[in-house]
There are 2 protein chains.
Amino acid sequence: MAASTLTEVARLAGVSPATASRVLNGSARIPGKDIAERVRQAAESLGYIPNAQAQGLAKSSSGLIGLIVHDIADPYFAAIARGVQDAAREQHKMVLLATTEGAPDSEKEAVAAFAARRADSIVIAGSRTSRAEDLGGNTELAAELDRYCRNGGHVGVIGHGIVGAAAADGYHVVRVPNEELAAQLATELAASREEDFVIVGGPEGLFTSDDRIRGFQRGLASAGLPAADVIRTHFTRAGGFEAGLALAARIAASQPGTEAKRLCIFAVNDVMAIGAAAALRSQGLRIPRDAAVAGFDDIETLRDFRPALSTVHLPLEEIGRQAASSAAGPSADDAGSPPITGQVILRRSTEVAHPSSTESVA
Amino acid sequence: MAASTLTEVARLAGVSPATASRVLNGSARIPGKDIAERVRQAAESLGYIPNAQAQGLAKSSSGLIGLIVHDIADPYFAAIARGVQDAAREQHKMVLLATTEGAPDSEKEAVAAFAARRADSIVIAGSRTSRAEDLGGNTELAAELDRYCRNGGHVGVIGHGIVGAAAADGYHVVRVPNEELAAQLATELAASREEDFVIVGGPEGLFTSDDRIRGFQRGLASAGLPAADVIRTHFTRAGGFEAGLALAARIAASQPGTEAKRLCIFAVNDVMAIGAAAALRSQGLRIPRDAAVAGFDDIETLRDFRPALSTVHLPLEEIGRQAASSAAGPSADDAGSPPITGQVILRRSTEVAHPSSTESVA
DNA sequence: CTGTTAGCGCGTTCAT
DNA sequence: ATGAACGCGCTAACAG
């Protein structure tokens, strides 16, 4: 009852397994026109499906590309996954998924599992961390990756490289200019307003978050503004919401004093920004009237959110694609892919004032 | 340089490969306390990682569970994927991903690919279709699935069964009561208003869409209301947007006449509803003032959308989990999982009238 | 151009 | 309790 094998096909076609193999997959020429047809028919009638495990064993390569994300339901990762999937299709490979919640030790496990399956390459998305508590985990992860690379595996990491990972062969990093873009966002934001800036960031040690915070502060500084307060919270919508609640209180408290200075809140990613905005709204505050809010990533699903969220567009899908194909080795153009760039997008959530007031002042 | 093998470990430990195998995996007893330890150390020092391909070949099972979705970046599928992933983790398996854009022939390919990899089970999400143009594809898909099942594979389909698929062993369907829930939504909506209803549906033949349309109409009928107009469009945000544009025109045109009857728009999924809402807004219309809008699915990422979208909550993650574990065979409780249920959630997007007007009329 | 012989790395009978 | 031998399904060297 088990699926029919190549040998059976060969027997039915009256040829040797080797010949059948040559016909059903493409190695050298197989102009045995007549033979080829017989084999094909035999395969067809038997409903033959090659056993990829066996093929993999024989060729020691699996046609698999492993993808590691924090959470596939997070639109950020989902977008990247789509890019990886695209690249996989081009390479005629399949993608193997692992979600890790960002824990280095379960990332290590995932890498080991991928290695066990002899994945041709591994893509790691999700920000790296440098927290003390993750130090051990990071080291082990780096070791695991190193071993994987040494055994011929290819790795594509998105954002920062793994802490402590040697620049081994087959180890690629798709850099995302988080810091520069955040600085640019701050600059553009600062150019048209005179407000107090606040940053809602992720836990300290999260590279992506830290980079964006640093960049934003730098942008502020170069605009001659003081550094913004930083609220540390979870790198999620819930975290953003929590911070938003605190900020709402702060706004309410300061209103009687000097109502002139509106708050401009920069959340280090869109999901957090949405959370913060929701919190403000739940407290009766309105955006951008009572506070401005900006995010980062330009998540597609969030584009219909109102007021439209100012953010930094990142080509997530392209990032995923690059990570997956850089790991596949320099293909046609060995010049490598173009560096990732983003783009500041100012929308309604950070509008400076209602047209009416602008007009009246002017 | 290739990864070290079990044989090498065995040699280093001074035992036979068989013994090493018994130690490193759990088959029978391995009380060779001293031996076991030696083997483990050898494995450790060599950085031994079992070759899953070889294991799979030997045991003819792969620890893989295949997942087929239209688009992993669609939050609907992403949520299901998370559930599948959870189930996979519990089963100590990994998830293989395939995206097909809903095309039956590429779904067939995906099934074949999964079969080739000897996936232990396959989960198919994404609505089935009965369009004439897909007939051939569906038949082939059904045949492929049938063969897969006959070879011992397990299949879990979400929503409707594959058209033409025999109720083979190992073929499970996680039913989603789309029709009932849509009817319920219509009933609740109809109870508190006197409006013209319009349905924004997907292309004809899409089961999920058709079920929801049918159910909604039924609900309307049982409330003594006439059937709603149905606008057919793409099952995506873009489709919803397009329909929304048309509806905006319709609203604008009818306003001079009888301004009493507001439109209540039911889009067969949340993403389309959001698209429609965006279109209305782009034409200067406001929700729920100028029109009510409802969706279906209760996508998590969309919950912060304003006005809050009335919809039908579906336990997407649980659905994915069930599909993945039903396919794993009746586990602990052979009573099977509880049937999927949803819940109508009325939010602001379908509010009947502003408190003020309600008051003044009363 | 085709058939034969060896493994790929591991699990699993059999003996011992 | 341990080791030897065989086979999982396929590909890659060699023969012919």
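The figures that follow rest on heavy atoms only: side chains count, while hydrogens, waters and symmetry mates do not. Naming: A, B, ... by sequence-line order, numbering from 1 per chain.
- Residue pairs meeting the side-chain hydrogen bond (donor to acceptor under 3.5 Å, both in side chains) criterion with at least one partner in residues 48-59 of chain B, sequence neighbours excluded, do not occur; the list is empty.
- Computed from coordinates, the Asn151(A) CG to dG9(C) C1' distance equals 14 Å when rounded to whole Å.
- Between Asp105(A) and Lys108(A), no side-chain nitrogen of the basic residue sits less than 4.0 Å from a carboxylate oxygen of the acidic one, so the salt-bridge criterion is not met.
- Applying a 4.0 Å cut-off to non-hydrogen atoms, the residues of residues 52-62 of chain B that approach DNA chain D are Leu57(B), Ala58(B), listed by residue number.
- Per the geometry, CZ belonging to Arg22(A) stands 11 Å off C1' belonging to dA15(D), to the nearest Å.
- Under 4.0 angstrom from either OP1 or OP2 of dG11(C) there lies at least one side-chain N or O belonging to Ser21(B).
- A salt bridge links Arg321(A) to Glu318(A): one of the charged nitrogens lies within less than 4.0 Å of a carboxylate oxygen.
- Checking the phosphate oxygens (OP1, OP2) of dG3(D), a side-chain nitrogen or oxygen of Ser16(B) falls inside 4.0 Å.
- We find that CZ of Arg117(B) is positioned 17 Å from P of dG9(D), with the value rounded to whole Å.
- For dT11(D), the OP1/OP2 oxygens have a side-chain nitrogen or oxygen of Asn25(A) closer than 4.0 Å.
- Ion pairing of Asp146(A) with Arg150(A) is present here, as a side-chain N (NZ or NE/NH1/NH2) and a carboxylate O approach within less than 4.0 Å.
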Residue pair Arg89(B), Glu109(A): steps toward the salt bridge (Lys or Arg N to Asp or Glu O under 4.0 Å) verdict: CA-CA 12 Å; Arg89(B) 191 198 317 283; Glu109(A) 273 181 54; over 6 Å; no

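- Ion pair Glu8(B)/Arg11(B) not flagged as a salt bridge, since none of the NZ, NE, NH1 or NH2 atoms sits closer than 4.0 Å to an Asp/Glu carboxylate oxygen.
- Rounded to a whole Å, the CG atom of Leu46(B) is 15 Å from the C1' atom of dG9(C).
- Across all strands, Pro50(B) comes closer than 4.0 Å only to sugar-phosphate atoms, never to a base (heavy-atom distances).
- Rounded to whole Å, the distance from CZ on Arg11(A) to C1' on dG9(D) is 13 Å.
- Closest heavy-atom contact between Gly66(B) and Ala119(B): N-CB, 4.2 Å.
- Interface remark: the Arg118(B) side chain does not form any donor-acceptor pair with the dG9(D) base, using a distance-only criterion of under 3.5 Å.
- For the pair Leu6(B) CG and dC8(D) P, the interatomic distance rounds to 20 Å; values are reported in whole Å.
- Annotation: of the two residues near DNA chain D, Ala18(B) and Ile49(A), the 5′-most nearest-nucleotide partner is Ala18(B).
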